[in-house]
Amino acid sequence: MRRELWKISGHEGFYSGNMYTPMELDDAEYRLKPMNCPGHILIYKNSPRSYRDLPVRLAELGNVYRYERSGTMHGLLRVRGFTQDDAHIFCTPGQIEDEVVACIDFAEAVLKTFGFQEFKVELSTWDPNDRAHYAGSDENWNLAFSSLQRALERKGIAYKTIPGEAAFYGPKIDVKLVDVLGRLWQLSTVQFDFNLPARFELEYVGEDGERHQPVMVHRALFGSVERFFGVLIEHYAGAFPLWLAPIQAGLVPISERHHDYAKKVEAELKAAGLRVEVDDRNEKMNGKIRDFANQKTPYILVFGDKEESAGSVSVRTRAKGDQGSVPLADFIAKCKELVASQSTEL
Ligand SMILES: [Zn+2]
């Protein structure tokens, strides 16, 4: 995005240490975007807004680029270019608390869906002794902080206040989840912002017919999608529940003459919406089973003459091993039920 935009937003001053060197293109200087906010602000500004339009909620999976020192890069968990599930909500000051509460509910619902049960919440604010790193007046910072505080109290959520950890444009609520090994991961964030609306001179026409300035909420649920996947893989140690597993069933024909039946089984499972893979390499059956087992594939289906003539599959589950032969239709029905209920059972 044009460098001019980052000057208006304040990123040039407050955030340039995390940004890549400007590049000259045909008509102007540009910088890789470290955040999506100014883009959403331009969309908001593109048409006149009235109080009846608010809240305006804009969301995208946005690619952002932030400078990280090479020593700090770490697998999927810390990268220099990533995808944020980013949203910005433009609303009246009176709507802010409800919007923040709705964001916290949304974050909770998403994280619980993926199987995380335990969270720690932090309310990060500025350090009043370090004015140089934060934009805006004392009054606005106090107002923003108390709005977030009220939202948390309304939800009855216990939180810890962390001074000096806010974004330069406003305080934020960070939701950190606790994984199976008790490690903390920063994922969801809800931020209050009065600065960018002022810097970009955002407006809406109020009920009184006058021009007013909206406030903004920045929120991300996964945070970085790449990092979220990293955390998810760690949390399940690769053994995903059926609904999440990239390959839900591995198909193992015992010999080459069962390849036609393998195609039929594959087609039926795929038609039922399941993700499956046939191992039709010229390898020993036990080797194929071992390979699927090493990938922690939830189900391994083995079949030979007996299964083919009965229209069945011999089922092995990741947790319980060999379960014997099951009619294919029964296996499909069970999988559909487990996927629909997002069960962790097999
Ligand atoms: Zn933002």
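Both ligands and their constituent atoms are indexed starting at 1 by order of listing. Computed from a predicted model, the values in this text were never measured in an experiment.
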Item to check | Hydrophobic cluster (4.5 angstrom, side-chain heavy atoms) - remaining members for F82 | outcome: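 V64, V79, all in the cluster of F82.
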Item to check | Metal site the Zn ion (ligand 1), protein N/O/S atoms found under 2.8 Å | outcome: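 If we list every protein N, O or S atom nearer than 2.8 Å to the Zn ion (ligand 1), we get 3.
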Checklist entry - Any idea how H218 and H88 line up, ring-wise: parallel (<30°), tilted (30 to 60°), or perpendicular (>60°)? => result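 It falls in the perpendicular class, over 60°.
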Checklist entry - Hey, what's the ring geometry for F228 with F222, parallel, tilted or perpendicular (30° and 60° as the breaks)? => result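 Rings of F228 and F222: tilted, as their planes differ by 30° to 60°.
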Next on the checklist: Evaluate F192 against F145 for ring pair (Phe, Tyr, Trp, His ring centres under 6.0 Å), listing each step before the verdict.
Outcome noted: CA-CA 8 Å; F192 184 112; F145 181 77; over 10 Å; no
Checklist entry - Taking the six-membered ring of Y20 as reference, does the NZ or CZ atom of R31 fall below 6.0 Å from its centre and within a 45° cone about the axis? => result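 Relative to the ring axis of Y20, which defines the angle, R31 lies outside at least one limit.
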Next on the checklist: Please find the pair of heavy atoms, one from H11 and one from P34, that lie closest to each other, and give the distance.
Outcome noted: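 For H11 versus P34, the nearest heavy atoms are CD2-CG, 4.4 Å.
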